[in-house]
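Heads up, the thing below is written out as structure tokens.
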Amino acid sequence: MRFPQSVFITGNMPFAQSELSRCLTAMTGAELRPEGYPFTVTAGHGRGEGYRVSVTGRHTDIQGESPRAAVYGVYALLERLGAQFLAEDCEILPSVTEWKPMSFSSRPDFAYRDLYWRGALNGRFALQCGLNSARADISPEMGDKIRFYRYSHTFEELVPPEKWFDAHPEYFSLVNGRRQREHSQLCLTNPDVLKICVEGVGRWMREHPECRIFSVAQNDWYGYCECEHCQAIDRREESHAGALLAFVNAVADAVRDEFPDNRIHTFAYLYSRKAPRFLRPRENVIVRLCSIECCQSHPMGACRQAIDGIDVENNAADGFALSGQAFADDLADWAKIAPHLYLWDYTTNFSNYLQPFPNWHVIGENLRLFRRLGVEGVLEQGNYAPGKASAFAPLRIYLLSRLLWNADADTDELIRTFVRGYYGPEAEPGVLQCLSLMENAASQTHMGIYDMPDAPYLEEALLIRADAALADALRRTADPIRRERLERERLSFEYVQLARLPLDAPGRNERIDAFAERLSRLGVTELFERRELAGSIQCMKESRCARRRENVPYGCYRL
């Protein structure tokens, strides 16, 4: 049927209505008139995120279980009409003259869907992606988001060493016979530590009533407490999660009566990843398992290889080795006992942001595993640096967001849709060839999030072929915006090739300087996670594969 010449949009969710109006008028040229074809957008008062859309010849009805769900329903209808929301800098609203009656509904596979990628933090785009990310700029007027208070590492904030250590070293972890001031955890069986943390969490909850989840979680390094009392619990539970979970349960018990709707969030991470034997998380506790050790080139349920010796602060780790207790085993064990299980997954190379990270088809496999085991929420961490990103970051954001909503979505079709719309139909064959070459190579070995430019899947001949495919795509592309996007992707291959050059290669430093100029022109601000760009470029000059990073300044910033 012909799309009406005028429409009238009513409802109880203004942002959803305004987005529907904005996009429909751009796509159809329809005028907004009270006598026009009626669209009704209705937001329920619950917290569910399912929606239902009905289009007939007389009326279109969009119903969401919550205000945010109504927004999701609006964008879903627009996509059925041909709109594409591919990236924060790529919204495609095609001309529409015909449409047809339809009825459809949907709800997400995971209740909490978070992309910790800089390119996914724009509030409108996050909602177009079906996300409710804690750090996205999604205001209450837009439907709001999942609100954490400090959803990361908090032991140092709750019991700051600079405040407590001098007078009370016993509050901090005993490691190799000494209480640790630097890079410490807490002594989790000390009653005063529990009292301080309960008071701190209670204060957070009173000061931040907009939040429902509060993090009580180990610091971002090792150093668990080896005192007699902490180790007695860990030995009994056959896991260093023992003392941690006993402590977190005690905090959750202490705040439950005053804040019955709130939850305490903690990590199963590094030394605490293995589930305890007897202890069980309280009903108001969220356990978030972290996949930092995992091989990224194979599905987690099919690979028992893992990296070890992880140095999170310096983005470094040992090589891969066969793991006796694989991540999928730990995940299954936690799934049996945790009433609320979340995942913190890793989806880029943090040692080398620009380095290829080709595991497109692994994403859906992993998310289907998480869903099958009852995981409620997933955070996918990636390149959150200010500025632009390479290594096909926009494609990864698009793919992750769609699979977080529906893990059964067709990965190949999602990739084709994105590549055709973002890079252009002329570039599609070359880009798809590049992606396929790199993913096939990575699947033959193991890939981790701290791999260096001499990783075995980055063979020189392969890099040349993959870059040539992108170069061909660039030659076929006339649009300047799409050309710039392709140029940014080619930085990945140039970075790896430059980093691997011998230090005495003729013209090496001059080539690195020219590379740095291209980074600046194309908006890239980081090569290594949180490391200043100028120092990173100097590191490339002074060490092969940019290995000597101890003098690269660390840039601390909050999102």
Side-chain angles (χ1 to χ4, degrees), residues 295-298 320 347-349 351-363 383 388-396 398-399 411-479 482-502 505-508 511-512 514-515 518-519 522 524 527 540 544-546:
C295 169
Q296 298 291 333
S297 56
H298 304 118
F320 278 93
T347 57
T348 196
N349 185 316
S351 291
N352 301 279
Y353 272 154
L354 265 62
Q355 191 162 301
F357 198 74
N359 66 341
W360 314 106
H361 291 79
V362 169
I363 296 170
N383 184 343
K388 300 292 185 178
S390 184
F392 291 100
L395 168 60
R396 190 172 298 275
Y398 180 81
L399 195 59
T411 295
D412 289 318
E413 182 58 34
L414 289 171
I415 291 174
R416 286 192 295 268
T417 296
F418 180 88
V419 169
R420 192 178 306 125
Y422 193 72
Y423 301 106
E426 301 86 356
E428 182 180 354
V431 173
L432 292 180
Q433 182 185 10
C434 173
L435 296 173
S436 178
L437 284 169
M438 296 306 302
E439 186 170 34
N440 287 340
S443 69
Q444 305 306 309
T445 183
H446 301 288
M447 182 175 71
I449 65 172
Y450 299 127
D451 286 352
M452 298 304 286
D454 55 356
Y457 52 89
L458 298 174
E459 296 180 355
E460 189 69 21
L462 173 70
L463 294 175
I464 293 171
R465 290 180 63 198
D467 185 50
L470 283 187
D472 182 65
L474 185 61
R475 281 192 295 272
R476 296 173 183 273
T477 302
D479 180 79
R482 287 172 169 171
R483 286 184 61 84
E484 183 174 298
R485 292 168 181 166
L486 290 166
E487 287 183 58
R488 194 173 291 115
E489 302 306 351
R490 293 191 69 192
L491 292 173
S492 290
F493 302 98
E494 185 176 9
Y495 168 71
V496 173
Q497 290 172 313
L498 282 176
R500 297 200 307 202
L501 283 175
R508 184 177 184 274
R511 290 177 63 182
I512 292 174
F515 174 70
R518 281 190 287 281
L519 293 181
L522 294 170
V524 175
L527 295 180
M540 287 183 67
R544 194 175 184 189
C545 292

May I have the step-by-step check of side-chain contact (heavy atoms from CB on, under 4.5 Å) for Arg416 and Glu413, ending in yes or no? CA-CA 5 Å; Arg416 286 192 295 268; Glu413 182 58 34; 2.9 Å; yes
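- Side-chain contact between Phe392 and Tyr423 is present, with at least one heavy-atom pair separated by less than 4.5 Å.
- For the pair Phe493 and Cys434, the tightest heavy-atom approach, listed with the atom from each and the gap, is CZ-SG, 3.6 Å.
- Closest approach of Ala473 and Gly430 over heavy atoms only: CB-CA, 4.3 Å.
- Note on ring orientation: taking the six-membered ring where Trp is involved, the planes of Tyr398 and Phe418 are tilted (angle from 30° to 60°).
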Test log, rule salt bridge (charged side-chain N to carboxylate O under 4.0 Å, His left out), inputs Arg488 and Glu484: CA-CA 6 Å; Arg488 194 173 291 115; Glu484 183 174 298; 2.9 Å; yes
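- Minimum interatomic distance between Pro502 and Arg508 (heavy atoms only, all atoms of both residues): O-CD, 3.0 Å.
- In this structure, Asn352 contributes its side chain and Leu354 its backbone to no donor-acceptor pair below 3.5 Å.
- Checking side-chain atoms of Ser443 against main-chain N and O of Asn440 turns up a donor-acceptor pair under 3.5 Å.
- Residues Val419 and Leu435 are in side-chain contact: their nearest non-hydrogen atoms beyond the backbone lie under 4.5 Å apart.
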Run the side-chain contact (heavy atoms from CB on, under 4.5 Å) test on Gln355 and Ser492 for me, step by step, so that the C-alpha distance in whole Å, both residues' side-chain angles and the decisive distance to 0.1 Å come before the verdict. CA-CA 5 Å; Gln355 191 162 301; Ser492 290; over 6 Å; no
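- Looking at heavy atoms from C-beta onward, Ser297 lies out of side-chain contact with Tyr457 at the 4.5 angstrom threshold.
- The shortest side-chain heavy-atom distance between Asp451 and Phe357 does not fall under the 4.5 Å cut-off.
- For the side chain to side chain contact (heavy atoms under 4.5 Å, CB included) test, no residue two or more places apart in sequence or in another chain qualifies with Ala468.
- The two atoms that bring Thr445 and His298 nearest to each other are O-CE1, 2.8 Å, heavy atoms only.
- No donor-acceptor pair under 3.5 Å is formed between the side chain of Thr411 and the backbone N or O of His361.
- By the 4.5 Å heavy-atom criterion applied to side chains, Lys388 and Leu522 are not counted as neighbours.
- For Arg465 against Leu437, the heavy-atom pair with the smallest separation is NH2-CD2, 3.5 Å.
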side-chain contact (heavy atoms from CB on, under 4.5 Å) between Glu489 and Val431, worked out: CA-CA 10 Å; Glu489 302 306 351; Val431 173; over 6 Å; no
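- Distance alone, capped at 3.5 Å, places no donor-acceptor pair between the Arg482 side chain and the Thr477 backbone.
- For the pairing with Glu460, the side chain to side chain contact (heavy atoms under 4.5 Å, CB included) check across Leu458, Leu463, Leu462 returns one residue only, Leu463.
- Formation of a donor-acceptor pair under 3.5 Å by the Arg483 side chain with backbone atoms of Leu474 is found in this model.
- For the pair Cys295 and His446, the tightest heavy-atom approach, listed with the atom from each and the gap, is SG-ND1, 3.4 Å.
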How far apart are the C-alpha atoms of Trp360 and Leu395, what are their side-chain angles, what is the distance that settles it, and do they pass the side-chain contact (heavy atoms from CB on, under 4.5 Å) test? CA-CA 9 Å; Trp360 314 106; Leu395 168 60; 4.0 Å; yes
Give the intermediate values and the outcome of salt bridge (charged side-chain N to carboxylate O under 4.0 Å, His left out) for residues Asp454 and Arg500. CA-CA 7 Å; Asp454 55 356; Arg500 297 200 307 202; over 6 Å; no
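- The closest side-chain heavy-atom distance from Leu491 to Arg518 is below 4.5 Å.
- Put simply, the side chain of Met447 reaches to within 4.5 Å of the side chain of Pro358, judged on heavy atoms.
- In summary, of the residues considered (Thr347, Thr348, Asn359), a side-chain hydrogen bond (donor to acceptor under 3.5 Å, both in side chains) with Arg396 occurs for Asn359 alone.
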